Amino acid sequence: MVENKIASKFPKREEGKLNIYFHLGENSGVGYYRQYLPAIALRELGLANVMISDFRWGIGNHQEPDVDMLFEIANWADVIVAGRRDLAQFYAQWGAVREMFRVPIILDTDDNIRAVPIYNPGYQGYQPGSDALAWNQYASQKTFDAISVTTQDLFSVYAKENPRTYILANSLDCEAWEKAQRPTKGDVVKIGFIGSAAHLGGVNIVRQAIVDILKKYINVEFYITHVYLPSFDDVEPGIRERIKPVPWINLEEWPQGLKGLGLDIGLAPLEDNLFNRSKSNLRWMEYSMAGMATVASPVKPYLCIKDGEDGLLATEKKDWFDAIDKLLSNPELCYTISQKARQRVLREFDILKNVPKWLETYKK
C-alpha cells in the first residue's frame, strides 16, 4: 500500500541506499504524479531514503524551504529531483545548491511548454518570447545535471538541450483505485468526459456525437466537467437535462470521486498538435481503473490503446458516434474492453512495479 505520508524529519543514512529529496514544482496533480507518488512508493518499498517538500493535495499554497532548510537538504541528499517551475529565482536557487554542494539535481517536466496552443490557459505564461520559456531553455542546458520526462515526444524536445534526458512514464497508485468503490449499475448508461479547463478543443470534437447519441438512446446520460456545460446550452430540452455537470473533485479524493460517478464509457478526445503529442496516457489509465471503456483520439498519448481490445479509437466526428454506438449496443463488449484495460494498467502502470526504474535512473 502506498501511504499518503512522508517522514517529517530527515531519515538516517543507510548503507547502499540513496538519499533522495523530491521538490514539488507545484502543489497540484503534476506534483502528485511526478514527485509525491514516486517518493512515497520508493519509501514504501524501502528502496531509498526519501524526503519531499511541502505537499497539500492541491489546496492552498505549499511552503518553500528557507535558507536553513536548503542547507540541510543539500547536506543530506545524494540527489535532488525538482519539479519544473519556470522562474528565475527557482532556477537560481537550485543552480547555487548544485554548485556549492556538488549534489546532482534532476529537473522533472511533463509538458511541452515550447508548443502551448493559444487557446490553452497556459499560453499566457508560455507564449513565444516569454521570460518563462527563456529561463526554462537556459536551465535545461546549464542548471541541471539531468532531465526526466514522461513521453518519447517530450524526450525529443529536451534531449536536444541536455543529453542526460530520461523517460520516466506516469504510473498510478493502483491500490488506491482498486480500493475506491463503484456504485451498483442501474438502468442508465453513463458516458463521461472529465478533465481540466484546458480541453475545450476536445469538447468540440465530441459535442455533436454526444448530442446524436442522446437523441438515439433515451437511457443514456452524459457527464462532463462543469466548466464545459455552456457548450451544450443550445441543446433542445429533454436532451439537455441528460447532460450532467461534474464539479471539481479534490485531488486527494480523485480515485473515489471519479470511480464513484459510475461511468460506463469514458471519452478522451484530443486535438493533434505538438503540445498534445507530448502528453501521457494518464486519462486512459484512470478511466480504465475507474471501470470505463475508453473511446479516444488516435493521437500519440492514446496510441498505446489496442483498438477494439482495451479501448476504441475515433478520428472524425462520425467515428465518435459509431464507436460510442458500438459500445452502447453491445454492453458485453463494453464491459470486456473496460476489464481488459484495467488488467493492463495493473500489469504495466502500477507505480509500485515501475518505481525501481525511477531509482535506477537516479543512481545514474
Side-chain angles (χ1 to χ4, degrees), residues 172 174 177-195 202-203 205-225 228 232 235 238-246 249 254-270 281-298 302-349:
L172 300 184
C174 287
W177 286 91
E178 289 284 82
K179 287 174 61 178
Q181 297 298 305
R182 185 178 163 88
T184 302
K185 184 170 176 55
D187 295 330
V188 173
V189 181
K190 299 179 179 181
I191 304 170
F193 176 30
I194 313 299
V203 175
I205 290 173
V206 300
R207 182 187 181 282
Q208 191 57 52
I210 286 300
V211 172
D212 292 342
I213 285 291
L214 292 175
K215 288 179 180 178
K216 181 175 180 178
Y217 293 92
I218 61 173
N219 68 324
V220 170
E221 294 177 342
F222 178 57
Y223 289 72
I224 190 166
T225 307
Y228 296 119
F232 296 88
V235 175
I239 293 178
R240 175 67 178 75
E241 284 72 16
R242 286 187 281 133
I243 300 175
K244 309 291 186 179
V246 178
I249 299 171
W254 176 240
Q256 180 57 58
L258 182 62
K259 196 171 182 179
L261 292 173
L263 303 178
D264 302 288
I265 300 170
L267 307 184
L270 199 62
N281 59 352
L282 194 57
R283 190 182 310 277
W284 169 77
M285 288 194 287
E286 293 180 333
Y287 279 177
S288 300
M289 290 304 295
M292 300 179 225
T294 299
V295 182
S297 297
Y302 303 128
L303 293 183
C304 67
I305 292 174
K306 298 174 183 176
D307 192 21
E309 182 175 335
D310 52 26
L312 297 178
L313 298 175
T315 305
E316 304 297 331
K317 293 182 179 179
K318 183 180 183 303
D319 299 334
W320 282 91
F321 177 89
D322 291 344
I324 298 168
D325 186 43
K326 184 177 182 178
L327 294 173
L328 291 173
S329 61
N330 191 339
E332 185 175 338
L333 174 65
C334 185
Y335 178 77
T336 298
I337 286 177
S338 72
Q339 290 307 300
K340 285 185 176 180
R342 172 178 159 272
Q343 290 299 329
R344 186 173 166 209
V345 173
L346 288 170
R347 288 194 310 270
E348 299 180 18
F349 300 101

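These figures come from a predicted structure and were not determined experimentally.
The two residues Ser297 and Leu313 have their closest heavy-atom pair at O-CD2, 4.1 Å. Counting all heavy atoms, side chain and backbone alike, Ser338 lies closest to Ala293 at CB-N, 3.7 Å. Scanning both residues, Leu328 and Ile265, for their nearest heavy atoms gives CD2-CD1, 3.9 Å. Residue Tyr223 comes nearest to Ile194 through the heavy atom pair O-CD1, 3.9 Å, listed as atom of the first residue, atom of the second, then distance. Residues Trp320 and Thr315 approach most closely at NE1-O, 3.6 Å, considering heavy atoms. Here the shortest heavy-atom pairing between Leu327 and Val295 reads CD1-CG2, 3.7 Å.
We find the CD1-CD distance between Ile249 and Gln256 to be 9.5 Å, quoted to the nearest 0.5 Å. Annotation: the span from Gln208 atom CD to Lys317 atom NZ amounts to 7.5 Å, rounded to 0.5 Å. To the nearest 0.5 Å, atoms CG (Asn281) and OH (Tyr302) are separated by 8.0 Å. Expressed to the nearest 0.5 Å, how far CZ of Arg342 lies from CE of Met292 amounts to 14.0 Å. Separation of atoms CD1 (Ile191) and CD1 (Ile243) is listed at 10.5 Å; rounding is to 0.5 Å. Rounded to the nearest 0.5 angstrom, Met289 CE and Phe349 CZ are separated by 12.0 Å.
Screening Leu346, Leu258, Val345 for a side-chain contact (heavy atoms from CB on, under 4.5 Å) with Trp177, the sole residue that qualifies is Leu258.
Contact check on Lys318 versus Asp212 returns no salt bridge, with no Lys/Arg side-chain nitrogen under 4.0 Å from an Asp/Glu carboxylate oxygen.
Here the side chain of Arg182 pairs a donor or acceptor atom with the backbone of Ala290 at under 3.5 angstrom. Between the side chain of Asn330 and the backbone N or O of Lys326 there is no donor-acceptor pair closer than 3.5 Å. The closest donor-acceptor contact from the side chain of Gln181 to the backbone of Lys179 lies under 3.5 Å. With Asp264 contributing its side chain and Lys190 its backbone, the two residues share a donor-acceptor pair below 3.5 Å. Between the side chain of Arg344 and the backbone N or O of Asp310 there is no donor-acceptor pair closer than 3.5 Å. Between the Gln339 side chain and the Thr336 main chain, no donor and acceptor come within less than 3.5 Å of each other.
No more than 12 heavy atoms of other residues, nucleotides or ligands lie within 6.0 Å of OH in Tyr335, so this atom counts as exposed by the packing criterion. Environment of CD in Glu316: sparse, with no more than 12 heavy atoms of neighbouring residues, nucleotides or ligands closer than 6.0 Å.
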Go through it in stages, so that I can follow the logic: the residues are Thr225 and Phe193, the test is side chain to side chain contact (heavy atoms under 4.5 Å, CB included), and I'd like the CA-CA distance, side-chain angles, deciding distance and then a yes or no. CA-CA 7 Å; Thr225 307; Phe193 176 30; over 6 Å; no
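Ile337 places a side-chain heavy atom less than 4.5 Å from the side chain of Leu312. Residues Pro269 and Val203 are not in side-chain contact: their nearest non-hydrogen atoms beyond the backbone lie 4.5 Å or more apart. Side-chain atoms of Leu267 and Ile324, non-hydrogen and from C-beta on, do get closer than 4.5 Å to each other. Inter-residue side-chain proximity for Glu286 and Lys259 is flagged as unmet; no heavy-atom pair is nearer than 4.5 Å.
With a 6.0 Å cutoff to the six-membered ring centre and a 45° limit on the axis angle, Arg207 counts as a cation-pi contact of Phe232.
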